[in-house]
Amino acid sequence: MRHLAFFISEALIGIKRSALMMFIAVVTIMVTLLVFGLFLLMSANVNNLAQFISSKLEVRVFLNETITRRDIEDFQIKIAQMPHVKSVIFVDKKDAWALFKGSFSNMTLSDLVSENPLPHALKVVLSNNEYIKDVAMQISTHKEYSSDVAYGGVIAERMSAFSAWLSFVGVVLVVFLTVATLFIIVNTIRLTVINRQDEIEIMSLVGATPGFISGPFIIEGLLLGGGSSFISMVLLRFFYDFFARRFQEALPYFPLVFQSSVLNEIYFFVFLLGAILGVLGAYISISKLLKETV
Amino acid sequence: MRHLAFFISEALIGIKRSALMMFIAVVTIMVTLLVFGLFLLMSANVNNLAQFISSKLEVRVFLNETITRRDIEDFQIKIAQMPHVKSVIFVDKKDAWALFKGSFSNMTLSDLVSENPLPHALKVVLSNNEYIKDVAMQISTHKEYSSDVAYGGVIAERMSAFSAWLSFVGVVLVVFLTVATLFIIVNTIRLTVINRQDEIEIMSLVGATPGFISGPFIIEGLLLGGGSSFISMVLLRFFYDFFARRFQEALPYFPLVFQSSVLNEIYFFVFLLGAILGVLGAYISISKLLKETV
Amino acid sequence: MIRIKNVRKEYASGLVALDGVDFRIQKNEFVYLVGASGAGKSTLLRLMFRSEHPTEGEIFIDNFSLNNLKEKQVPYLRRSIGFVFQDFKLLPKRTVYENVAFALRFYNYSRSRIRRQVSQVLELVNLSSKMHHLPSQLSGGEQQRICIARAIVNNPPILLADEPTGSLDPDTSWEIMQLLSKINARQTTVIVATHNKGIVDDIRKRVVALEKGKIIRDQQLGAYDA
Amino acid sequence: MIRIKNVRKEYASGLVALDGVDFRIQKNEFVYLVGASGAGKSTLLRLMFRSEHPTEGEIFIDNFSLNNLKEKQVPYLRRSIGFVFQDFKLLPKRTVYENVAFALRFYNYSRSRIRRQVSQVLELVNLSSKMHHLPSQLSGGEQQRICIARAIVNNPPILLADEPTGSLDPDTSWEIMQLLSKINARQTTVIVATHNKGIVDDIRKRVVALEKGKIIRDQQLGAYDA
Ligand SMILES: Nc1ncnc2c1ncn2[C@@H]1O[C@H](COP(=O)(O)OP(=O)(O)OP(=O)(O)O)[C@@H](O)[C@H]1O
Ligand SMILES: Nc1ncnc2c1ncn2[C@@H]1O[C@H](COP(=O)(O)OP(=O)(O)OP(=O)(O)O)[C@@H](O)[C@H]1O
Ligand SMILES: [Mg+2]
Ligand SMILES: [Mg+2]
């Protein structure tokens, strides 16, 4: 406890007496974490978009005109028991036709086709759209209920593949960015510590143990990393709130991430990363230097 | 000339005798530029995607059944003379129906609607899709030729707005990333220079002019920045070639950027930025330090 | 008791700084180490302080071989040895007070005890008025005196002083050497590497003379020159 | 000719290091500056070198006031003054050779001329064998001698030496002082701040004594003590 107080006071002296260097380090770390946080926010949104795209995919089973309500219910249960199926919903042909006409309002389809050409249908939503084709195939074997199963065909497959890739790219980028952030922050801290190599040697010469020398530097790393990341957290939050609101106003249908649970997780992660990397950077540099000085 | 040779040899000595510090700086700069280059490549692709989406938009003019071939040609010319119109192409109703049936192959539309319900049409492509609604309106005033003009409605407007936003976000991010890269690189160089504040003071004490002191540091900044950015340029190129090929194989329809002119421009820009920021960082730090030391 | 046993020191550059150095220093002895520039005085002191390692031979402090000392124990060795460095080695960003107090931070001393001890020792070297200056704001001699203050602040059983009067005028040098004698009288082994002929000849003690890394003279109550 | 005109130096800390200092030094004179630790010797030398500015008063070198010197001209002033720093101020990452050669880099000298001059001067201070060592690989006295070599390598018209024998044994000190006398005889004004009573008393020259920032004695062929 005594030591901790000493470490903190020494760390504060160190920061105060090397103000310019510390300022430069703080700006660097802050900017790095800002980029990182931005990437995280983007990636969360990309992921969200991927899920959104994916959630729009479904298998539509057009039912034979001849079957009864009982048959339909049986069929619904059968489908629901298939693997990867999340839900099976009955769509009345009247509703379907109204919707269809609505979404092609510009084409005067109703003039061309006066009678409702659509049959009743089932809307099948999957838990994992990768299997959309397989499920569609399996359903289409039940010729007794349905002779026509649609799953969006090529488009659906593309959408599903694209959304999978989006998620993958997101993960790759986040991993890469994390590594990059790690390098930049750790290196920045290392440069500030190398700068005081002489001091470290002197401390060791007057009888300070490695732990005693490291303590203040590690606290300093924590303050530097934590302080910088706190600033970037606040800026990030402000920036996203501002920017996302504009974006949403312009594109209200776009599925932006607004859940504060997800966002707060990102903000907190940025803060935590800064603090941890600050400590890690200080620890790595100080250990290396201590090994070099006898 | 004599001085330049001296500066270079001094810079090389400086780099050699502070190897660890220089190594740390090089890694930091390299990683930063890697992130920056990645962002540029992503942004080029996003822009490309935005253009691609935009290019898919069109106005479709369904022609009245009664008009003659001559009338159609007149109408084509009229439309072509409207502002923002890039091209007007005639689509035979047989082709349109075949295409329509093809893209809905899973729905047995042809069973439901036995006769081709579509009229002849004109496909109008715009030079700027922001005006798609206006153009559609203007065309639809010509009731003598067409009573039905479709432009994708809400979807088209959304797509157009989305692609505009994509481009805008891309620009904002590139600007932000450029500033961030600038900060990180300049600051990294500054930390390496501050580290040798004592040396600078001594040089000034033994009669070196500011220019004489700065020379080697600026060359050092150039070598550091240029060297690091060269490495990141090579890595970036390798990475993109590898990754984009995979991506394209998985999603062959996705409009990835592969023109080597665009890519080389990006790679070169990354290299140039590294070299310039290296020099700038050295220049800023050395000037500040020289002002402080008497 | 310090025992230097057949020590040879060859630096990485190939230069042999010490060769066949072998002698003992009794508890509470006062020894001058003399010799021309580059004779190996500082090297010898650094070996006892374990900031250099002998290439051959061994050094014992209180019958404990430094060769067997574990890396972890080095700080504790150093706390029991006061060292006045030839190049001062002051923490550049710490005030005079902080520099001297640093050597007391390792102990669980109360704040007031630290303040008392530091003030006392700064009084001894005549630097109380400069307590809150940074080393860069001091004259050469003042810096040297802080270094002396730091070395003696905790009454270490051994004091190694490398040229402790190099930046001091004759009067101040005299005072400092009197101080070291007084410390020696209070049960501290003192070894002083020095070029100060006046002092060595006036305050007679044991003299060990080095020449090119070898002992050429070891004389009780000796003079600077043979 | 150097003219110190009624100079007062007050540091930012409020400490008055020099007060009412007023004297002249003729061309080719040899002057000892003596005084206790903290008397203001280094401060006075730094003022002549323009690495500090006087709070009041003026300093003239060859009838040119340093107060009127433009920032841009400072390096040229410094090239005409050799300065032996009390704390050496060697470039830590340059070898002995590079440190000394650095002062010649400003001139359009040929590579071979630089090599010749540096070798000569290193010979004079007896360090030819250490040419490719870094300062950290040298003994205290060796570092001091590089600093001397660097100051005299280009035969400057003025030589300011701050405690140039502080880390040197009496014999080497004597040699170095002989060297400075020889340089003085070759048309160089030499000012030496020193505590070395033996040297000052043996090689008699003009002595200027400072006490707490004031001149208390100015004596031709004086001794260290009044
Ligand atoms: N780190 C080193 N690497 C190589 N040689 C060294 C190193 N340190 C010292 N030396 C050499 O070892 C010899 C002895 O050095 P040392 O510092 O012990 O001398 P010294 O007696 O203290 O001299 P001085 O009175 O000048 O301080 C010198 O020739 C010096 O150049
Ligand atoms: N940068 C500074 N800021 C404040 N005070 C200073 C500064 N430099 C020197 N001093 C003070 O000015 C006084 C004179 O210092 P100076 O270095 O001139 O002494 P000196 O005669 O060279 O002493 P020594 O023989 O110990 O080297 C001292 O009391 C010192 O503490
Ligand atoms: Mg020595
Ligand atoms: Mg001085």
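Excluded from the calculations below are hydrogen atoms, water molecules and symmetry mates; all remaining heavy atoms, backbone and side chain alike, are included. None of these values were measured; they are calculated from a predicted model.
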Of all of [options], which one pairs up most often with chain C through heavy atoms under 4.5 Å apart?
options: D:G35, D:G38, D:A17; result: D:G38
options: D:K197, D:H195, D:E142; result: D:H195
options: D:S37, D:A39, D:S139; result: D:S37
options: D:G141, D:A12, D:S129; result: D:G141

* To do: Evaluate whether atom NZ of D:K5 has more than 12 neighbouring non-hydrogen atoms of other residues, nucleotides or ligands under 6.0 angstrom away.
  => no
* **Whether over 12 other heavy atoms sit under 6.0 Å from D:E123 CD** =>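 Counting neighbours around CD of D:E123, 12 or fewer heavy atoms of other residues, nucleotides or ligands fall under 6.0 Å, so no.
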* Asked: About how many Å separate CG of D:L138 and OG of C:S42, when rounded to the nearest 0.5 Å?
  ->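 If we round to the nearest 0.5 Å, C:S42:OG and D:L138:CG are 11.5 Å apart.
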* To do: With rounding to the nearest 0.5 Å, note down the distance linking OG in C:S167 to CD in D:Q86.
  =>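 The distance works out to 5.0 Å.
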* Between C:H133 and chain D, which part of the residue has a heavy atom less than 4.5 Å away: side chain, backbone, both or neither? ->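 The side chain, not the backbone.
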Less than 3.5 Å apart, which donor and acceptor atoms pair up between the side chains of residues 147-156 of chain D and the rest of the protein, not counting sequence neighbours?
residue : atom : partner : partner atom : Å
D:R150  : NH1  : D:K89   : O            : 3.0
D:R150  : NH2  : D:F88   : O            : 3.0
D:R150  : NH2  : D:K89   : O            : 3.1
D:N154  : OD1  : D:Y109  : OH           : 3.2
D:N154  : OD1  : D:Q117  : NE2          : 3.4

* Side chain, backbone, both or neither of D:K130 within contact of chain C (heavy atoms, under 4.5 Å) -> side chain
* With a 4.5 angstrom heavy-atom cut-off, could you sort out which part of D:L15 is near chain C: side chain, backbone, both or neither? => side chain
Would you give me the side-chain donor-acceptor pairs under 3.5 Å for residues 170-181 of chain D, sequence neighbours excluded?
residue : atom : partner : partner atom : Å
D:T172  : OG1  : D:D169  : OD1          : 2.6
D:T172  : OG1  : D:D169  : OD2          : 3.0
D:S173  : OG   : D:L168  : O            : 3.2
D:S173  : OG   : D:D169  : O            : 2.9
D:S181  : OG   : D:M177  : O            : 3.1

